[in-house]
Every structure is written in structure tokens, then in C-alpha cells.
Amino acid sequence: MCGIIGYIGFRDSKEVLLKGLKKIQYRGYDSMGLVIATEQGFKRIRSVGDVRQLRNKVAKQGSCSGSWGLGHSRWATHGAPSEENAHPHKAEHIYVVHNGIIENAEELKAWLKGPFLSETDSEVVAHCLLDSYKQKGSLKGAIFDTISKIKGEYAIAVMSEKYPNELFAFKKGPSLLVGLGEKEIFLSSDVQVFLPYTKKVVFLQDGEVAHVEGENEVSFYSEGGEKIEKRITALDAKAEETDKEGYPYYMLKEIYEQPDCVLNVIGEHIKKQDVEININKGSGILDQVIRQKRLNIVACGSSYYAALYGKYVIERFSRVFVEVDMASEFRYRSPILADQVPVLLISQSGETADTLAVMKMFQELSLPVLSLCNVMHSSLDRGASAHMYMLAGVEKGVASTKAFTSTLVTLFLLALALGKKNGQLGGSEKEQLINSLLSLPDQMEKILARTQEYVDAAHLVRALKSFIYLGRDIYYPLALEGALKMKELTYRHAAAYPAGEMKHGPLALVDENMAIVGLTPQSHVYKKTLGNLEEARSRKGKLILIGTEGDKVASSLSEYFLSIPACNEYLSSILCVLPLQLMAYHTACALGHNVDQPRNLAKSVTVE
Ligand code: M6R
């Protein structure tokens, strides 16, 4: 989950690298580093922390300008976040930046000479290259030799003091792109690094090597070492310049953008008051789902919770059987993949390693893959056979908010579309559901206007160390998401259960120190849920309930009541996410945490 950058060109590479690192630090912000070929020789600068700390350190070094260099943002896998473990790693004249995991690092370390100055698996690549270089006599030869020796997943960029104005890049797994500008060439994990300068890109495939020789020339090689021609793609994407627009954190800004995100999704899939799912290339995939009466959905984290919501709505409105899996589990069990049954892979970033591994499994069996991504041109978006988009705009906060909501609304509309196609959803029910959805953005605005309520709720729970989130049926996936937000932002223990499961064990946890966050809007499970919440209250749990405006029963049961406007239960569950996000956000702020960069996490999980 690191980000890598390389640059050769007419600009000051220090600025290109630092600006680029700011854009990819969502991939890891525990340490940063760069190496630049300056007139006074190679300068390698590394620091713990995010790009601000690195920039300060670079400024203190005095002149550090040069026309080529490498940069790296790290999320620690092997070895603690420290300057020694930060990239670039070095073996004599060779410098390496790496994203991924070298699985045979220990074996390689055992026969390479070192000296190894870090605890990382990445440093071994620099030494492996050096060893191969000594045998082969060329860096290109050393690259191919090293590829044959290292095992695992990687995107790697290399430069050497002996090879002025040259960069090498190769990958297996994580994304690695080459940006082709006018008299400048970029290497990067993410197009956003070079979009301000060029829209021309070459996507490296696993096993391929890029060899940049100066600001105008790049050659590509297959794993076997033959020179190959690569297609240059002209991106239609825009450079995403985003700032906090006056909000203290990106996450808060993103929470407040949710009504607009919902409007984007509605605009995409509702035409003339009816649902018309817009699937890019391969709309036949929905007919296939209908024919097979089955759909797999696979994802991780919040995207997985959204997938669970998808199961409830799709099964309810279309009677299509939906199997939902976590990508990290799915890839290692022996799933029974029915012939012709498509998979929907959900990923905000489109770069989550486990989800990409699942895509590969389906592709190998020639099964159709539909993606739902927020980032266009991401690895998932490029690899899928049919595409939908979250349309949430850039999401910077590590804790997903608006992309999650957009996913829920997209899945709700997918459910209606399937129900409409197979005749399971009657015209008038569909009409009512669509009308209800059209009111959702305004209802969200109302919830978002009540800031003080969330600040007060946060004040009430900030001292508590444990949280249980409860919901039933369609509210259960939202309980899971609420607990995840609380965990990620406050570092408090939070678990979610279907409310009816409490008496089967978790009730033993409840005492006066336990916050119980219950989702109780009016629905077919309202009374049952309230009953379960009463049981927790009888054991002295502190009830914070999210329910329908004017619900005196739920309000009188709770220590704190957060209300949402009345609406259809398949949509009130979506409304519940706003109080859940805001309560976690304000609790984290009250505890003094950095909300946008929670400890130990990264936005894009590009390693297993
Ligand atoms: O980019 P993806 O949607 O594939 O990411 C999946 C998870 O890593 C992500 O949802 C994670 O759980 C978030 N930090 C949740 O807030």
C-alpha cells in the first residue's frame, strides 16, 4: 500500500516528486522519501510522517534540484515506520522504490551479502539488483535477472548513479503507469501524479519492463526480454485538484457532499422517472444475471458492507439470489463458481489487491466481471468487462463516506432495474420507490444541518471504550459500517451484530460502560429491534438510537436520540449512515485524532 513516482524531464524534479507524493500519500503516510540526481551528486532524503515532514526536511537540505529522481510514500508492512525503513532503499549505486510485498525476502537475504540497513523486504530488491548487476554487467540485465528471482507482488522503480538520465520500472500485481509528456516522462502508481502535465499514458502489464532513457525515450520489454510495442492511451480524465474548501478535514467535506453524490447517481440511472441502469460496455450482463437468477458480489471493507446491503435489496426487489463475499476470504477458499454467473466487484479505489485477485479468478474462468468503481482508469475499471461508476468525485478521507453512500444508492437502483427486467417489481411499487429516492438528497440535507446533535452525541460517548452497533435486516449492514467508522476514527473497540443475535452471546458484554448504537427507523423490523435494544438497556447499556423523527418510544428509551426523516425502509437505512459518520467524526475530533489519516491505515490497500 505504498505509492511510487519517477520523473525525468525539464522541470525541477524535487517539486514534481513532492507534489506527486502529496497526491499519492493516500496510499501510505507513515514515511516518505525521494532521491534526486543533483549537480552535487545523488541526494536521498527520507522522513517519518507525511509529505509535509518530507518537504520540511528537503527545504533544510538547501539546493536539491535535479532533472530526474524517484519518490515513495510508505505504508509499513515489514518494519516499523522509521527513517531507516523509508524508501528509496539503496545498494551501492542502485536506488529502489517498491510497492507490494517480496514474499521470498528472507531467503534472498540469506544468500545476498547486504549490508541490510532496514527491516524491510524492499531493501532486498536493491541488493538483488546489485548482485545481478555485478554478474550481468548491465542494469537492464540485472532487472530481468532480479525479476526471475523475486516472488510476490510488486511495482518497482529503479535508478542508478552509473546510469545518468535513466529509469527502470517493472511490476507484478500493483499498478504502474508511464506518463508521456513533452520532453518529460513520469512513472507512477496513479495517473493523478502526472495528469497536470500529460494525459498520455502507457499501462504496464505484469512482467513487463519500462526503460526510460532521457526525457524523450522509453522502451518496453516483455518478461522474456523482447522489445514490445505498447499502446498509448489518451486519458479523458481531468486532474483532480481538490482542497478542503474551508472544512477542517476532507472527511467532513465529503460527508457534506453526499446529497450531491446521490443526485449524480440518480442522474446517471434514472431517465424519465424510470430506472435505466447505465452500464458502460456490456449492458447484456444484467440479462445474464436474470437468466442465471444469481449474482456474486465481492468486495472489502466498507465496499463489502455496501455489498451486503446490495444483497438485501436485490433479493427483496428482484428475487435474484445474491452471494456476497469478502475478497480476502474468497480468494483463498474454494468457491463454487456457477457457470455463466457474473460477479460484481465493488471498490472505491479500484486498486484493492484482494479484489483485483478475485477479478483474476473470474477472468481465468471466462466469467463476466461487472465493476463498480469510483476511480476511472483504475486497475479494476480497466480489467472488468462491464463498468458502473460511483460518481462520488475524489474521496480523500481514509474513512470512506460519500463513495459508500453512492454505492448504496447504485445498488438500490440496480435492484430496481433487475426487478423491473424480470417482472418481480410491480410498476406502482417501483414508482413509489423512485419517488422516495428522489426525496433522499433533501432529506440528507436536513440531517446534515443538525451539527450540534452529533457534537453532543460525541460528547456523551467519547469517554466510553466499547461500542456495540445493532440493526436488523437492511439496517444490519449499516450497523457494520457505523462500527467500522467508529473503529477507524476513534481507535475504540466497536462491533456490530444483527440485533436478534445479542442473546446468543454478545449480551454478556453489556454493562454501564458499553455504548449501544441502535438503528431503529420505522420498518418491518422496528418492533423486534426495539425489543432487542430494551434487553441491552436492561443490562445498563447506554443507548444511542437513530430513529424516525417524532418516534417518542425510541426517543424515550435512549440516552441520546438522533432522528432522520421518515421514508421507505430501504432508503431510511441509507439515511442512517449520515448520523453514524458524523457521530464517529465528532468523537474522533473530541479525542484529538487526525480524522483524515487514521493511524495504521491507508486509503488504498494495494497489498494483501
Ligand atoms: O477502495 P476499496 O473500496 O476497495 O477499499 C476497500 C476498503 O479498504 C475500504 O472500504 C476501507 O474499509 C475504508 N477505510 C473504510 O472506511
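Residue numbers count from 1 along this sequence. In each ligand, atom 1 is the first atom listed, and ligand 1 is the first ligand listed.
- Other residues, nucleotides and ligands place no more than 12 heavy atoms under 6.0 Å from the CD1 atom of I336.
- Between Y491 and H593, a ring centre-to-centre spacing shorter than 6.0 Å is recorded.
- In summary, the side chains of K22 and S73 do not present any donor paired with an acceptor at a separation below 3.5 Å, with no hydrogens or angles considered.
- K19 NZ: 12 or fewer foreign heavy atoms inside a 6.0 Å radius.
- Given atom 1 (O) of ligand 1, the protein heavy atom at minimum distance is S349 OG, 2.7 Å.
- For S303, a nitrogen or oxygen atom sits less than 3.5 Å from a nitrogen or oxygen atom of ligand 1, counting backbone and side chain alike.
- Listed by atom number, the atoms of ligand 1 under 4.0 Å from L484 heavy atoms are 12 (O), 15 (C).
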Evaluation steps, side-chain contact (heavy atoms from CB on, under 4.5 Å), between Q597 and Y26: CA-CA 8 Å; Q597 295 183 335; Y26 68 86; over 6 Å; no
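- What sits closest to atom 15 (C) of ligand 1 on the protein, heavy atoms only, is S302 OG, 3.0 Å.
- At least one N or O atom of V398, backbone or side chain, sits closer than 3.5 Å to an N or O atom of ligand 1.
- Considering backbone and side-chain atoms together, T352 places an N or O closer than 3.5 Å to an N or O of ligand 1.
- Once rounded to the nearest 0.5 Å, the distance linking CD1 of I516 with CG of L545 reads 10.0 Å.
- Distances below 4.0 Å separate heavy atoms of V605 from the following atoms of ligand 1: 8 (O).
- Within 6.0 Å of NZ in K199 there are more than 12 heavy atoms belonging to other residues, nucleotides or ligands.
- Near A399, the atoms of ligand 1 lying under 4.0 angstrom from a non-hydrogen atom of the residue are 16 (O).
- Between Y309 and F412, the distance separating the two ring centers is not shorter than 6.0 angstrom.
- Nearest protein heavy-atom contact of atom 6 (C) of ligand 1 is C300 O, 3.3 Å.
- Ligand-side atoms of ligand 1 in range of S400: 15 (C), 16 (O), range being under 4.0 angstrom from any heavy atom.
- Counting atoms of ligand 1 from 1 in the listed order, those under 4.0 Å from a heavy atom of S347 are 1 (O), 2 (P), 3 (O), 4 (O).
- Nearest protein heavy-atom contact of atom 14 (N) of ligand 1 is E488 OE2, 2.5 Å.
- Of all atoms in ligand 1, numbered sequentially from 1 with element shown, those under 4.0 Å from a heavy atom of K485 are 15 (C), 16 (O).
- Between the side chains of Q581 and Q258, a donor-acceptor pair is found at a separation under 3.5 Å.
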